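Just so it is clear, the values below take in all heavy atoms, side chains as well, and ignore hydrogens, waters and symmetry mates. Note that the numbering runs from 1 along the sequence shown for the chain. Note that the coordinates shown come from a computational prediction; the quantities given were computed from them, not determined experimentally.
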Amino acid sequence: MDTSWKRSPLATPTAPSTAARHIALRALAAVALLPRGAAALVMAAAGRGGFARALLGAGPAAGSGTPRPGGTRTAAHAGATALLGVLSLLLTGVLLTGVARGPFYGLVEHGPYEHSWGGPGRTGAWVAHFAVSVPVVLAAMAALYGVAGLQCRLTAPLRGERRGRWVVPAVLVCCAAGALFAVAFSRQLP
């Protein structure tokens, strides 16, 4: 069983009081994946592999006998991190839309409410949109948490640790799903 993720700074906290803080910090780490991945890609291309690994959250290679990963390998991890960063930005957009159109629905939509969910009144529409936004926001936060964990497991070889066989296919499937979501969302826009 691969337990390399437990040694990362993003490991699960033990106290329940810190769980919400941990989830929020990990979601913020996911939002920062695109700039970190892009900067690491530039650093790896410039021959600054140590800085690139630090940007990816990998740090130095584990153990003194562990060889340092090459620039090509670090650049590949940086590119995959940037792809996960694009996915996390899509999820952040879903999260922000869920918040704006849920608890703040009456402030962003000024009516008429005859054809809105929960309409024809403003109160009914506001309650209906709030009820729909709660699971959407929770799912987006959970997905951001998962993307940050996936990136941490993806970069395990840069730390000299083993990576599960499922990680790279999971990254590819998640990125493909994000691309399909972006295409589907853009096609429904006016």
Side-chain angles (χ1 to χ4, degrees), residues 5 8-13 19-46 48-49 51-59 72-105 107-109 129-130 132-159 163-164 166-190:
W5 62 275
S8 78
L10 300 176
T12 306
R21 180 174 176 251
H22 174 73
I23 290 170
L25 288 175
R26 197 158 172 181
L28 284 173
V31 172
L33 286 179
L34 179 60
R36 285 176 44 210
L41 191 58
V42 169
M43 289 294 169
R48 309 286 295 201
F51 287 122
R53 284 188 300 278
L55 284 169
L56 295 174
T72 304
R73 190 172 190 186
T74 303
H77 282 89
T81 296
L83 282 175
L84 286 174
V86 171
L87 175 63
S88 69
L89 288 182
L90 288 171
L91 291 169
T92 303
V94 169
L95 176 74
L96 294 176
T97 302
V99 169
R101 303 285 293 176
F104 300 110
Y105 178 74
L107 302 174
V108 297
E109 185 66 43
H129 281 80
F130 179 78
V132 169
S133 75
V134 169
V136 168
V137 167
L138 291 175
M141 283 295 289
L144 283 170
Y145 184 88
V147 167
L150 191 58
Q151 190 272 342
C152 185
R153 290 179 183 188
L154 177 71
T155 57
L158 295 180
R159 292 185 298 275
R163 172 178 58 208
W166 61 271
V167 176
V168 173
V171 168
L172 295 174
V173 167
C174 289
C175 290
L180 289 174
F181 174 78
V183 168
F185 184 79
S186 66
R187 288 192 178 183
Q188 62 97 27
L189 295 174

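With a 4.5 Å cut-off on side-chain heavy atoms, Gln151 and Arg36 count as touching. Considering only heavy atoms from C-beta on, Arg101 stays 4.5 Å or farther from Ser133 through its side chain. Residues Leu55 and Met43 form a side-chain contact, since some pair of their non-hydrogen atoms from C-beta on lies under 4.5 Å apart.
For Ala143 against Leu91, the heavy-atom pair with the smallest separation is CB-CD1, 3.6 Å. A pairwise comparison of heavy atoms in Thr74 and Ala44 identifies CG2-CB, 4.2 Å as the closest pair. Listed here is the closest heavy atom pair of Val137 and Gly98: CG2-C, 3.8 Å. Here the closest heavy-atom approach between residue Ala52 and residue Ala40 is recorded as CB-O, 3.4 Å. Counting all heavy atoms, side chain and backbone alike, Cys152 lies closest to Thr155 at O-OG1, 3.2 Å.
Tested against Val147, the residues Val31, Leu90, Leu84 include a single side chain to side chain contact (heavy atoms under 4.5 Å, CB included) partner, Leu84.
The CG atom of Leu28 sits 11.0 Å away from the CG atom of Leu33 when rounded to the nearest 0.5 Å. Distance check, rounded to the nearest 0.5 Å: CZ of Arg21 to CZ of Arg26 gives 14.5 Å. Atoms CH2 and CG, from Trp166 and Leu150 in turn, are 6.0 Å apart once rounded to the nearest 0.5 Å. Residue Phe181 holds its CZ atom at 10.0 Å from CG of Leu87, rounded to the nearest 0.5 Å. From Leu56, atom CG reaches atom OG1 of Thr81 across 4.5 Å, with rounding to the nearest 0.5 Å. The line from CG of Leu144 to CE of Met141 is 7.0 Å long, rounded to the nearest 0.5 Å.
In this structure a side-chain-to-backbone donor-acceptor pair under 3.5 Å is present from His77 to Leu154.
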